[in-house]
Amino acid sequence: LDKEALKAAMEGAKYCYHFAGVADLEDSRSRPFETINLNVMGATTALEAARVAGIGRFIYASTMYVYSPFGSFYRASKQASEIIIEAYQKDYGLDYTLLRYGSLYGPRSQNWNGLRKYVRQVVDEGKVEYFGTGSERREYIHVADAARLSVDVLDEEHRNKAITVTGSQVLSSKELIDLIFEISGK
């Protein structure tokens with residue numbers, strides 16, 4: 001949200017990767033104003049700085065939740081930001097790539113990360129507290145693969161497009177939790 005810091009950061013840059021904002025679903029649900037302010041106004045502030053700096057492409061970290069009825073204010077903020085990004089391209093010619101990430105996992109995951117939370121519960125407690133049917137399906141992708149794909153999209157094929165960034169294997173929540181128990185030996 002700091003216009004001057006963004007201006008300085010973008011000086012001479014060719015690309016802007018915008019990965020900032022609220023990503024924790026529970027946090028966004030309990031703090032709707034902050035989520036909308038940080039995610040929507042934060043993206044808009046970054047877009048304006050990118051436009052002024054003459055950035056060649058704005059790469060935005062979005063989510064698969066834009067396809068879903070779930071995700072509350074997080075989903076709504078990502079949908080709104082995507083629409084604003086598309087308007088910046090139409091009105092100002094600022095090219096973009098939207099990266100709609102699936103379920104990420106890997107080193108340095110936040111404590112609220114679903115997979116990290118399940119692994120931690122199994123290792124520490126030998127059980128998982130899960131609120132759902134177990135039939136929910138996710139496409140998990142390791143952060144190293146997601147990072148590589150996030151750079152691969154800089155080609156012309158992905159200009160002004162939305163890209164789904166997920167793994168190739170779909171697992172139900174039950175299958176994932178069973179796998180964690182199997183690997184842990186618990």
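The analysis underlying the following values was restricted to heavy atoms, covering all of them including side chains, and did not include hydrogens, waters or symmetry mates.
- Counting non-hydrogen atoms of neighbouring residues, nucleotides and ligands closer than 6.0 angstrom, the CD atom of Glu125 exceeds 12 such neighbours.
- Rounded to the nearest 0.5 Å, atoms OG (Ser184) and CG (Asp124) are 11.0 Å apart.
- Within the 4.5 Å cutoff, the side chain of Tyr101 has no heavy atoms near those of the Met64 side chain.
- Taking both residues in full, the closest heavy atoms of Ala50 and Leu94 are given as CB-CD2, 4.0 Å, listed atom of the first, atom of the second, then distance.
- Between His158 and Asp155, the side chains place a donor N or O and an acceptor N or O closer than 3.5 Å (distance only, hydrogens not considered).
- Taking the six-membered ring where tryptophan is involved, the planes of Tyr92 and Tyr88 are tilted, since the angle between them lies from 30° to 60°.
- A donor-acceptor contact shorter than 3.5 Å links the side chain of Lys161 to the backbone of Glu157.
- Under the 4.5 Å side-chain heavy-atom criterion for Ile, Leu, Val, Met, Phe, Trp and Tyr, Ile141 and Leu115 are members of distinct hydrophobic clusters.
- For Thr164 and Thr166, the side-chain atoms include no donor-acceptor pair closer than 3.5 Å.
- Val143 places a side-chain heavy atom less than 4.5 Å from the side chain of Pro107.
- For the pair Thr97/Ile163, a side-chain contact is recorded, criterion being any heavy-atom separation below 4.5 Å from C-beta on.
- Using a cutoff of 4.0 Å between basic side-chain nitrogens and carboxylate oxygens, Arg57 and Asp95 are not scored as salt-bridged.
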Mind running salt bridge (charged side-chain N to carboxylate O under 4.0 Å, His left out) on Lys3 and Glu48 for me, showing each step along the way? CA-CA 9 Å; Lys3 293 175 185 176; Glu48 183 60 17; over 6 Å; no
Under the salt bridge (charged side-chain N to carboxylate O under 4.0 Å, His left out) criterion, do Glu175 and Arg137 qualify, and how do the steps go? CA-CA 9 Å; Glu175 290 168 330; Arg137 305 199 51 81; 3.8 Å; yes
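- A donor-acceptor pair under 3.5 Å is formed between the side chain of Asn113 and the backbone N or O of Leu104.
- For Lys7, the NZ atom is loosely surrounded, since the number of other residues' heavy atoms within 6.0 Å does not exceed 12.
- Between Arg31 atom CZ and Glu26 atom CD the span is 12.5 Å, to the nearest 0.5 Å.
- When all heavy atoms of Gln121 and Val128 are compared, the pair lying nearest together is OE1-CA, 3.1 Å.
- In the hydrophobic clustering of this structure, Ile59 groups with Val165; members are Ile, Leu, Val, Met, Phe, Trp, Tyr whose side-chain heavy atoms approach within less than 4.5 Å, directly or through other members.
- Counting all heavy atoms, side chain and backbone alike, Ser62 lies closest to Tyr74 at O-OH, 4.4 Å.
- In this structure, Phe73 and Ile36 have side chains that are in contact, with non-hydrogen atoms separated by less than 4.5 Å.
- Between Leu171 and Arg138 there is no side-chain heavy-atom pair separated by less than 4.5 Å.
- The shortest non-hydrogen separation linking His18 to Ala43 is NE2-CA, 3.5 Å.
- Contact detail for Ser81 and Asn39: the closest heavy-atom pair is OG-O, 3.1 Å.
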Begin from the C-alpha positions of Ile55 and Lys14 and carry the test side chain to side chain contact (heavy atoms under 4.5 Å, CB included) through to its verdict. CA-CA 5 Å; Ile55 295 291; Lys14 187 173 182 179; over 6 Å; no
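- The closest donor-acceptor contact from the side chain of Lys78 to the backbone of Ala61 lies under 3.5 Å.
- Side-chain N/O atoms of Tyr67 and Arg100 include a donor and acceptor closer than 3.5 Å.
- Leu179 and Tyr105 fall into different hydrophobic clusters, where Ile, Leu, Val, Met, Phe, Trp and Tyr are joined by side-chain heavy atoms under 4.5 Å apart, directly or via other members.
- In this structure, the separation between CG on Asp27 and OG on Ser72 is 11.5 Å, given to the nearest 0.5 Å.
- The cluster map of Ile, Leu, Val, Met, Phe, Trp and Tyr, joined by side-chain heavy atoms under 4.5 Å apart, puts Leu38 and Leu47 in different clusters.
- The CZ atom of Arg51 sits 10.5 Å away from atom CG of Asp91, with the distance rounded to the nearest 0.5 Å.
- Under the 3.5 Å distance criterion, the side-chain polar atoms of Gln79 are matched with a main-chain donor or acceptor of Val66.
- Side chains of Tyr118 and Ser173: a donor-acceptor N/O pair is absent below 3.5 angstrom, by distance only.
- Across Thr35 and Ser77, no two heavy atoms sit closer than the pair CG2-OG, 3.9 Å.
- To the nearest 0.5 angstrom, Asn37 atom CG is 5.5 Å from Leu1 atom CG.
- Counting only heavy atoms from C-beta outward, the side chains of Lys117 and Trp112 never approach each other to under 4.5 Å.
- Following chains of ILVMFWY side-chain contacts shorter than 4.5 Å, one cannot reach Leu98 starting from Ile83, and the two form parts of different hydrophobic clusters.
- In this model, a donor atom of one side chain and an acceptor atom of the other lie less than 3.5 Å apart for Glu136 and Tyr130.
- Geometrically, Arg75 does not engage Tyr65 in a cation-pi contact, judged by NZ or CZ lying under 6.0 Å from the ring centre and within 45° of the ring axis.
- Residues Val40 and Ile84 form a side-chain contact, since some pair of their non-hydrogen atoms from C-beta on lies under 4.5 Å apart.
- No more than 12 heavy-atom neighbours from other residues, nucleotides or ligands sit within 6.0 angstrom of CZ on Arg120.
- The main-chain N or O of Val123 is found under 3.5 Å from a side-chain atom of Lys186 such that the two form a donor-acceptor pair.
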